[in-house]
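Worksheet for the structure shown next.
Counting convention: from 1, in listed order, for ligands and their atoms alike. From a predicted model like this one, the values you see are computed outputs, not experimental measurements.
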Amino acid sequence: MAEDTALKPKTKTKPKLDRPKLYKVILFNDDYTPREFVTMVLKAVFRMSEEAGYRVMMTAHKLGSSVVVVCAKDIAETKVKEAMDYAKEAGFPLMLTAEPEE
Ligand code: TYC
């Protein structure tokens, strides 16, 4: 009897509604924004270290885009706005987007 119970497979499934969709913040390359400025924005807005910021910046620079962070929708959208506001203020066309994960 005790063995039967122990061998029963776990059938409980977590309801999907408890896990809201996560969003990817994507950084896009352009020809005008200085590398140092991109790294500075990543450090200031996403609290990245110099090394992490430089790595993400160089990935976008070389490949065209890079994932910066994966987080909740409101945080992703707020940070995209903050980063693009910094760039706009400085006169650079830096672009970031927040996209839902598949
Ligand atoms: N390509 C830019 C330059 O050569 C630097 C850059 C890197 C811009 C990453 C945007 O997301 C970016 N000055």
Seminar exercise, completed: among protein heavy atoms, the one nearest atom 6 (C) of ligand 1 is Asn29 OD1, 3.4 Å

For this session: For ligand 1, find out whether one of its N or O atoms is nearer than 3.5 Å to an N or O atom of Val38.
Result: no

Exercise. Do the side chains of Leu27 and Leu42 get nearer than 4.5 Å, heavy atoms only?
Worked result: yes

Exercise. Which of the atoms in ligand 1, numbered in the order shown and given with their element, are less than 4.0 Å from a heavy-atom of Phe28?
Worked result: 10 (C), 11 (O), 12 (C)

Exercise. Applying the 4.5 Å side-chain criterion to the ILVMFWY set and letting contacts propagate, would Leu22 and Ile26 be lumped into a single cluster?
Worked result: yes

For this session: Say whether Asp30, considering both its backbone and side-chain N or O atoms, lies within less than 3.5 Å of an N or O atom on ligand 1.
Result: yes

Problem set entry | Element-labelled atoms of ligand 1 that are located less than 4.0 Å from some non-hydrogen atom of Leu94 | 10 (C), 11 (O)

Problem set entry | Atoms in ligand 1 with a heavy atom of Leu27 nearer than 4.0 Å | 11 (O)

Exercise. Considering distance alone, does some N or O of His61 sit under 3.5 Å from an N or O of ligand 1?
Worked result: yes

Problem set entry | Ring-ring centroid check Phe92 Phe37, cutoff 6.0 Å | yes

Exercise. Tell me, do Phe28 and Thr97 make a side-chain contact under 4.5 Å, heavy atoms counted?
Worked result: yes

Exercise. Is Tyr23 reachable from Val69 through a run of hydrophobic residues whose side-chain heavy atoms are each under 4.5 Å from the next?
Worked result: no

Problem set entry | Per-atom contacts, ligand 1 versus Thr33 - under 4.0 Å to a heavy atom | 2 (C), 3 (C), 5 (C), 6 (C), 8 (C), 13 (N)

Exercise. Identify the closest protein heavy atom to atom 9 (C) of ligand 1: which residue and atom is it, and at what distance?
Worked result: Met57 O, 3.5 Å

Exercise. Got a donor-acceptor contact below 3.5 angstrom from the Lys79 side chain to the Val45 backbone?
Worked result: yes

Exercise. Does Asp30 reach the side chain of Leu94, with side-chain heavy atoms less than 4.5 Å apart?
Worked result: yes

